[in-house]
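Both ligands and their constituent atoms are indexed starting at 1 by order of listing.
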Amino acid sequence: MTGAGISAESGVPTFRGPDGLWRNYSAMDLATPQAFARDPRLVWQWYRWRQGIIGKAEPNPGHLALARLQSRISGFTLTTQNVDGLHQRAGSAHVIELHGNIWRARCAGGCGFVRDVAGEPRGDEPLGEPDAVPVCRCGALLRPDVVWFGESLDAARIELAVRAARDCDVFLAVGTSALVHPAAGLPLLAGRAGALVVEINVDETPLTPQAGLVLRGKAAEVLPALELRL
Ligand code: BV8
Ligand code: ZN
């Protein structure tokens with residue numbers, strides 16, 4: 001399971017790092033349904049700002065090492081809290097995106113309409129004027145296809161991740177502060193089920209005391225080194 005830390009070396013701001021702020025708004029202020037109801041234009045400006053950064057970012061050696069491990073090890077499940085799509089761009093398949101993807105928009109009115117947004121190689125037409133709030137064909141607003149704080153995760157995805165955590169022998173927790181639930185519960189579940197929990201992080205987290213092995217370092221350096229030994 002990866003968090004924002006694996007994309008930090010690709011230049012993508014983490015949530016809690018010093019660069020996690022946008023115009024002095026913390027991510028927690030903007031990544032909520034309340035913020036979108038209050039000011040959808042502001043929330044879209046924030047997501048477009050992040051799309052701008054992510055669109056210029058490249059997968060780093062950490063993403064690439066996980067993609068290679070997935071192709072070499074049967075029974076390798078990759079789940080991420082990141083919405084940046086960099087794992088897929090690194091060649092990883094079947095990535096369980098627990099919190100959605102910033103390159104998709106869906107109907108905020110619930111008609112079920114979902115579409116890709118520009119920036120991704122697929123390159124659908126842009127989301128209208130740069131400052132506009134995109135509108136669904138049903139007339140409701142379109143919102144980023146991500147999971148906001150206070151919103152439940154997609155049941156099928158969390159079920160897949162829970163099953164993989166329960167059945168794994170080794171759980172790699174890479175670049176996550178292990179503070180956001182239910183994702184933060186997955187390495188604990190794996191540990192309770194007998195797996196070796198390995199934390200890869202430049203810093204201490206609430207997960208550190210529970211980890212069987214702690215590799216303190218940058219994901220883009222530790223993962224390629226780990227891959228060589230597996
Ligand atoms: C829900 C998408 C039902 C949007 C995101 C139980 C206990 C307490 C609270 C709760 C709980 N259950 C539910 C909650 C509430 C809440 C929650 O967890 N709050 C926390 C803050 C206390 N959870 C929810 O609301 C979830 N929904 O549970 O629904 C429900 C609802 C209400 C009440 C009960 C139940 C929905 C959570 C998903 C929110 N959406 N993202 C978007 O991206 O715009 S979360 C978002 O923040 C990210 O996706 C990610 O998950 C999280 C950030 O965490 P990290 O990825 O770990 O990043 P962070 O910056 O924090 O840390 C980076 C780490 O990397 C650091 O440790 C750093 O040291 C390290 N690092 C940095 N550089 C490197 C590195 N490591 C290695 N190499 C490097 N180079
Ligand atoms: Zn709609």
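One N or O on the side chain of N82 and one on the backbone of A4 form a donor-acceptor pair closer than 3.5 Å. In terms of modelled atom types and a separation under 3.5 Å, the side chain of R143 and the main chain of V146 share a donor-acceptor contact.
Sorted by first and then second residue, the side chain to side chain donor-acceptor pair (under 3.5 Å) pairs with a member in residues 181-199 read E199-T205, E199-T208; sequence neighbours excluded. Applying the ring pair (Phe, Tyr, Trp, His ring centres under 6.0 Å) test to residues at least two apart or on different chains, the pairs with a partner in residues 57-80 are H63-H87. Residue pairs meeting the side chain to side chain donor-acceptor pair (under 3.5 Å) criterion with at least one partner in residues 214-230, sequence neighbours excluded, are R68-E227.
Considering each of G175, A183, G3, the one bringing a non-hydrogen atom nearest atom 63 (C) of ligand 1 is G175. With distances taken over non-hydrogen atoms, the option nearest atom 62 (O) of ligand 1 out of S177, G217, P13 is S177. Compare T32, D84, V147 by their heavy atoms: the one nearest to atom 2 (C) of ligand 1 is in V147. Relative to atom 70 (C) of ligand 1, the option among N201, I6, T208, D203 with the closest non-hydrogen atom is N201. Of the listed options H181, H99, E151, E204, H181 places a heavy atom closest to atom 6 (C) of ligand 1. Comparing F15, W46, Y47 by heavy-atom distance to atom 47 (O) of ligand 1, the nearest is F15. Between the choices S7, G5, G150, the shortest heavy-atom distance to atom 72 (C) of ligand 1 belongs to G5.
Residue contacts with ligand 1, taken as heavy atom pairs separated by less than 4.0 Å, involve E9 solely via side-chain atoms from C-beta onward. Counting heavy atoms closer than 4.0 Å to ligand 1, residue R50 contributes side-chain atoms (C-beta onward) but none from N, CA, C or O. Residue contacts with ligand 1 for A219 involve both N, CA, C or O and side-chain atoms from C-beta outward (heavy atoms, distance under 4.0 Å). When non-hydrogen atoms are compared, ligand 1 lies under 4.0 Å from the side chain of V83 (C-beta onward) but not from its backbone. When heavy-atom distances to ligand 1 are checked against a 4.0 Å cut-off, L179 comes that close only through its backbone atoms N, CA, C and O.
Annotation for A195 and V170: closest pair CB-N, 4.3 Å, computed over non-hydrogen atoms. Residues L142 and W44 share a closest heavy-atom pair of O-NE1, 2.9 Å. Across all their heavy atoms, A220 and N60 have their closest contact at CB-OD1, 3.7 Å. Nearest heavy atom pair, residue G85 against residue E97, reads CA-OE2, 4.4 Å.
Q81 and T176 share a side-chain donor-acceptor pair at under 3.5 Å.
For the Zn ion (ligand 2), the neighbouring protein N/O/S atoms at less than 2.8 Å, given as residue and atom, are C107 SG, C111 SG, C136 SG, C138 SG.
Of all the atoms in ligand 1, the ones that sit under 4.0 Å from a non-hydrogen atom of S152 are 3 (C), 29 (O). The A8 neighbourhood of ligand 1 comprises atoms 73 (N), with distances under 4.0 Å to a heavy atom of that residue. In summary, the atoms of ligand 1 found under 4.0 Å from a heavy atom of Q81, numbered by their order in the structure, are 48 (C), 49 (O), 50 (C), 51 (O). In summary, the atoms of ligand 1 found under 4.0 Å from a heavy atom of A4, numbered by their order in the structure, are 55 (P), 56 (O), 58 (O).
The side-chain heavy atoms of L179 and P206, taken from C-beta on, include a pair separated by under 4.5 Å. Under the 4.5 Å side-chain criterion, counting only non-hydrogen atoms from C-beta, V95 is in contact with T80.
In the hydrophobic clustering of this structure, L160 groups with L188; members are Ile, Leu, Val, Met, Phe, Trp, Tyr whose side-chain heavy atoms approach within less than 4.5 Å, directly or through other members.
In terms of polar-atom proximity, T176 is counted as a contact of ligand 1, with an N or O under 3.5 Å from an N or O of the ligand. At a 3.5 angstrom cut-off on N or O pairs, F149 does not count as close to ligand 1. Every N/O-N/O distance between N82 and ligand 1 stays at or above 3.5 Å.
Aromatic ring orientation, F36 versus W148: tilted (interplanar angle from 30° to 60°).
Cation-pi geometry between R50 and W46 is satisfied (NZ or CZ under 6.0 Å from the ring centre, within 45° of the ring normal).
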